[in-house]
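This one's a predicted model, so the numbers in the text were calculated from it and none came from an experiment. Letters go in sequence order (proteins before strands), and every chain restarts at 1.
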There are 2 protein chains.
Amino acid sequence: MRTDTTFKRAFNDMIDIIRTLDLGEELPSENALRAQLGVSRTTVRKVLAGMSARGIIISEAHRRIIGEQPLQAERYPKEETLAISEQVETSFMEWMLRDNACPGTEINEAELARKFGVATTIVREFLNRFQKYGLIEKRQNAGWIFKGFTANFALELFEIREMFEMRSARLFATLPDSSPVWKQVRAIRAAHLELLADIDARFQDFSELDSRFHRLIAAVSPNRFIEGFQDVIAMVFHYHYQWNKRDERTRNEIAIREHLALIDALESRNIALIDRACRSHLTSARETLLRSIV
Amino acid sequence: MRTDTTFKRAFNDMIDIIRTLDLGEELPSENALRAQLGVSRTTVRKVLAGMSARGIIISEAHRRIIGEQPLQAERYPKEETLAISEQVETSFMEWMLRDNACPGTEINEAELARKFGVATTIVREFLNRFQKYGLIEKRQNAGWIFKGFTANFALELFEIREMFEMRSARLFATLPDSSPVWKQVRAIRAAHLELLADIDARFQDFSELDSRFHRLIAAVSPNRFIEGFQDVIAMVFHYHYQWNKRDERTRNEIAIREHLALIDALESRNIALIDRACRSHLTSARETLLRSIV
DNA sequence: CATATGTTTCTTATGTATAAAAAACGGGGG
DNA sequence: CCCCCGTTTTTTATACATAAGAAACATATG
C-alpha cells in the first residue's frame, strides 16, 4: 500500500555514487551507504539487491564489486520518487491556481481525493498541513473553504513579513566582524551577481535564490515561528510566480538589484541604511505581488 | 465507527432549550432548532427521536409537544461530547506535561495511539495540526521529536508576541471615538474589575479572560497570521498554567492590574503610555512563564 | 407558494489492514 | 570489542471500509 518512493529516490542517488567508482571496485559497506543516501539500511539493501539483479553490482562472498556502469536510462522518473503526500501538494496548487481560484469555494475532501486519484486520508492530511498558509479554513464537521488568493491575503502576509524581516535585518548591525554570517553574505552576493550577469537565460533561477536570501537574513537569530513563516512566503512565491509569468524577467532583475542594495546596507552596519533598503525592497515586492493578483 | 459526539452535545443543549419551555408547549420546527443548536437537521431529528423515546417529547400528528421536563441526570457526560480528535489533545498534553517532558524525546505515533486508545490515523492528524505550536518536529519517514517546553521556546514565543501585540496596541491610538471597539474595551475592563473584586474565589477564571483580552487587542486590525498565533499563546497558557499552579492567585492578580493599566493607556490614546504599559505587561508575563519553566 | 417533515445521497470522522521503511537483534570475523 | 551483514520486529505511509452527520431532494400541509 505504501509507495516505494524512498527506494526509487535512493536507487537514483546510488547510480550517482556508483558513477564515481571504477569497474571492479569494491563498494562501501551498507552502513556507509546508509549514511550517504540518508535512508535506512533496509532500503540500502533493497537498492543493492535491485542493482545486483541488473548486473550493475556483482556480489561475491563477503564483498560487492561494480559489475558494469549503470545507464542514465535506468533511473526512475522524478514523479515516482515523490511521496504521494508530496505529489498532492502539486495537484492541489494546480487545482487552486488554474481551476477554482475564486474565494469562498468549498473544498471537498472526497472530491479532491477522487480527482487526484489518492486516498481521502492523504487529502485530509495535506489540508491540515496546508492550513498554516492561511488560504483555507475548516468548518466543524463539514469541509474546508478556500479563502482566496486575494489582495487582502497579500497585505496581511506582507505586514508580518515586514515586521519579521526588519527585525532580522536590524540585528545585522550588531554582529561582530568575526561572525561567520558575513562569509555567507559575501557568498550570496556573489550568487546574485552571477545570476545578474546571465539574467536573460537564467531569470527563472531567481525564485530559489530569493528564498535562500531571505532565510539567510532570518537565520541571524533563529526563531522557530519566523522560520515557519518563511515557509509561507516561499510557498506563495514559488507557486504564485510559477503561475503568473508576466514580466518575470524584469521583476526578477529589479529584485536582484534590491537584494544587492540590502546586502550593501547590511555590511555597512548602518541602521538607517538597512531600514531603508529593507523597507524599499519589501514595498516593491508587495506592489509586484498585488499587481499580479488584481 | 465515527463517534456520535455531535448528537450527544446537541442532546445536552436541547435539554437546556426545553427547560425554557412549558409542559405541553409546542416545540420549534426542526429547522429552527437546527439553527439554534448549530447542527444539521439530521442530528436534530436524532435528538428529537431520542427525546421521544424517553417520553420528554410527545409526537402527535404534525406537531411535537413537551411531555415532561428532562432531568439533569439525563445529560451525557462532558467527555462523550468531545470528538475523539479533541480528546486526543488533552491526552497528549497530559502525556507531555506529566510523563515525558524532556526535550529530544521521540514521539511514536503507534505507541501514542495504543496509550490513548485511539486509531493511529487520529494521532497522526493531531500531530500534524499540533506542529504549528512549535513544540514538535517531524523527521522524514520516521516519527516526531518533542523539542521541549524550554526557556528558548518561551523566549521565541514572546519575541513574536511582543511584535504583534505592540503593533495592535499602537493602532488603538489612531481609532476614532466612534469605533465600536471602545465599547468592548469598557466591557472587558468591567470584567476585569469584577474578577479582581472576587479574586480569592475566582482566580482560576483569569486564563479565559486573558485570552479574550489579548484577542480583543489583536482584533483591531485583523490579520490571519496574528490570529493564528493567538492560538499558540492560548494553548501555552491554558495548558502550562493548568499544570503549574504555583502562586497562581498572585500571578493572576498582578496580570489583571497590568491589563487594567494597559486599558487605561489605550483609552488615553497616548502612544508612549501604550508602549510602556504593553511592554511592561509582556515583560512581566514572560518572566512569570520563564520562572515556572526552570 | 412557503414552510415543515420524510427520504435519499453524499461527505466527513474514525477504525482497520498492509506494504514499505526504519530500527533492533544476533551471530560471525577481524 | 567493534564493524559487517543476515534476520526479525516495529513503525510509518497509504489504502479502504463504514457509521455519523450534512446536504439535497421530495412530498405534504397549511
Side-chain angles (χ1 to χ4, degrees), chain A residues 1-10 27-34 37-49 59 61-64 83-88 106-114 117-127 138-144, chain B residues 1-10 26-34 37-49 59 61-64 83-88 106-114 117-128 138-144:
Chain A
M1 307 240 162
R2 182 176 184 173
T3 51
D4 57 352
T5 54
T6 304
F7 158 71
K8 286 174 175 165
R9 201 165 346 116
L27 280 170
S29 79
E30 290 177 0
N31 240 313
L33 289 172
R34 185 193 60 71
L37 294 169
V39 297
S40 73
R41 200 158 66 83
T42 308
T43 302
V44 170
R45 301 189 96 229
K46 196 169 165 185
V47 169
L48 292 175
S59 297
H62 303 299
R63 43 187 253 135
R64 273 180 277 254
I84 300 271
S85 50
E86 292 168 322
Q87 293 168 233
V88 165
E106 293 191 18
I107 295 173
N108 186 314
E109 294 177 3
E111 191 190 326
L112 282 188
R114 280 194 297 271
V118 301
T120 55
T121 328
I122 301 290
V123 172
R124 245 178 115 72
E125 195 176 314
F126 167 74
L127 292 172
K138 176 127 188 67
R139 282 171 313 152
Q140 187 69 223
N141 279 335
W144 301 73
Chain B
M1 306 239 161
R2 184 176 182 172
T3 50
D4 58 352
T5 54
T6 305
F7 158 70
K8 286 175 176 167
R9 202 166 343 118
E26 192 169 347
L27 278 170
S29 78
E30 291 177 0
N31 240 311
L33 289 172
R34 186 194 59 71
L37 294 169
V39 297
S40 73
R41 199 157 68 79
T42 308
T43 302
V44 169
R45 302 189 96 230
K46 196 169 164 186
V47 169
L48 291 175
S59 297
H62 304 300
R63 41 185 254 135
R64 274 181 275 256
I84 300 272
S85 49
E86 292 167 323
Q87 293 169 233
V88 165
E106 293 190 19
I107 295 173
N108 186 312
E109 293 178 5
E111 190 190 326
L112 283 189
R114 280 194 297 272
V118 301
T120 55
T121 329
I122 301 291
V123 171
R124 242 178 117 72
E125 197 176 315
F126 167 74
L127 292 172
N128 262 313
K138 176 127 188 68
R139 282 172 312 152
Q140 187 68 224
N141 280 334
W144 303 73

Starting from C1' on D:dA23, measure out to CG on A:N141 and report it in whole angstrom. 13 Å
The criterion is side chain to side chain donor-acceptor pair (under 3.5 Å); which residues satisfy it with B:R114, sequence neighbours excluded? none
For residues A:T43 and A:L37, determine if any side-chain heavy atom of one lies less than 4.5 Å from a side-chain heavy atom of the other. no
Euclidean distance, atom CG of residue B:L33 to atom P of C:dT3 [Å, nearest integer]: 17 Å
Partners meeting side chain to side chain contact (heavy atoms under 4.5 Å, CB included) with A:A142 (sequence neighbours left out): A:R139
To the nearest 0.5 Å, what is the distance between CD1 on A:I122 and CD on A:Q87? 10.0 Å
Within the sub-3.5 Å range, which N or O atoms of nucleotides 14-17 of chain C have a protein N or O partner, and how far apart are they?
{"unit_1": "C:dT14", "atom_1": "OP1", "unit_2": "B:I84", "atom_2": "N", "d": "3.0"}
{"unit_1": "C:dT14", "atom_1": "OP2", "unit_2": "B:S85", "atom_2": "OG", "d": "3.3"}
{"unit_1": "C:dG15", "atom_1": "OP2", "unit_2": "B:A119", "atom_2": "N", "d": "3.1"}
{"unit_1": "C:dT16", "atom_1": "O4", "unit_2": "B:T121", "atom_2": "OG1", "d": "3.2"}

For A:E109, side chain to side chain donor-acceptor pair (under 3.5 Å) partners two or more places apart: A:R124, A:W144
Whole-Å distance, B:L127 CG to D:dT11 C1', equals 13 Å
Does A:K138 have a side-chain nitrogen or oxygen under 4.0 Å from the phosphate oxygens OP1 or OP2 of C:dA13? yes
Under 3.5 Å, which protein N or O atoms sit close to an N or O of nucleotides 5-7 of chain D? Give each pair with its distance.
{"unit_1": "D:dC5", "atom_1": "OP2", "unit_2": "A:E30", "atom_2": "N", "d": "3.1"}
{"unit_1": "D:dG6", "atom_1": "OP2", "unit_2": "A:R45", "atom_2": "NH2", "d": "2.0"}
{"unit_1": "D:dG6", "atom_1": "O5'", "unit_2": "A:R45", "atom_2": "NH2", "d": "3.3"}
{"unit_1": "D:dG6", "atom_1": "O6", "unit_2": "A:R41", "atom_2": "NH2", "d": "2.3"}

Separation of B:E111 atom CD from D:dT9 atom P, in whole Å? 19 Å
Residue mapping more 5' on DNA chain C - nearest nucleotide basis, A:N108 or B:E106: A:N108
How close or far is atom P of D:dT12 from atom CG of B:N128, stated in whole angstroms? 13 Å
Partners of A:D4 by side chain to side chain contact (heavy atoms under 4.5 Å, CB included), sequence neighbours excluded? A:F7, A:K8, A:K46
Taking side chain to side chain contact (heavy atoms under 4.5 Å, CB included) as the definition, give me every residue that meets it alongside B:R64, ordered by chain and number, with sequence neighbours left out. B:L27, B:E30, B:L48, B:I57, B:S59
Residues that A:T5 engages under side chain to side chain contact (heavy atoms under 4.5 Å, CB included), provided they are two or more places apart: A:T3, A:R9, A:A83
For B:R139 and D:dT12, what is the distance between atoms CZ and C1' respectively, to the nearest whole Å? 12 Å
Counting only side-chain N and O atoms of B:R114, is one of them less than 4.0 Å from OP1 or OP2 of D:dT11? yes
Rounded distance in Å - CH2 (A:W144) to P (D:dA22): 17 Å
Note: for B:A142 and B:S40 on DNA chain D, the residue whose nearest nucleotide lies more 5' is B:A142
Report the distance from atom CG of B:L48 to atom P of C:dT5, rounded to the nearest whole Å. 9 Å
Listed by chain and number, what are the side chain to side chain donor-acceptor pair (under 3.5 Å) partners of A:N108, not counting sequence neighbours? none
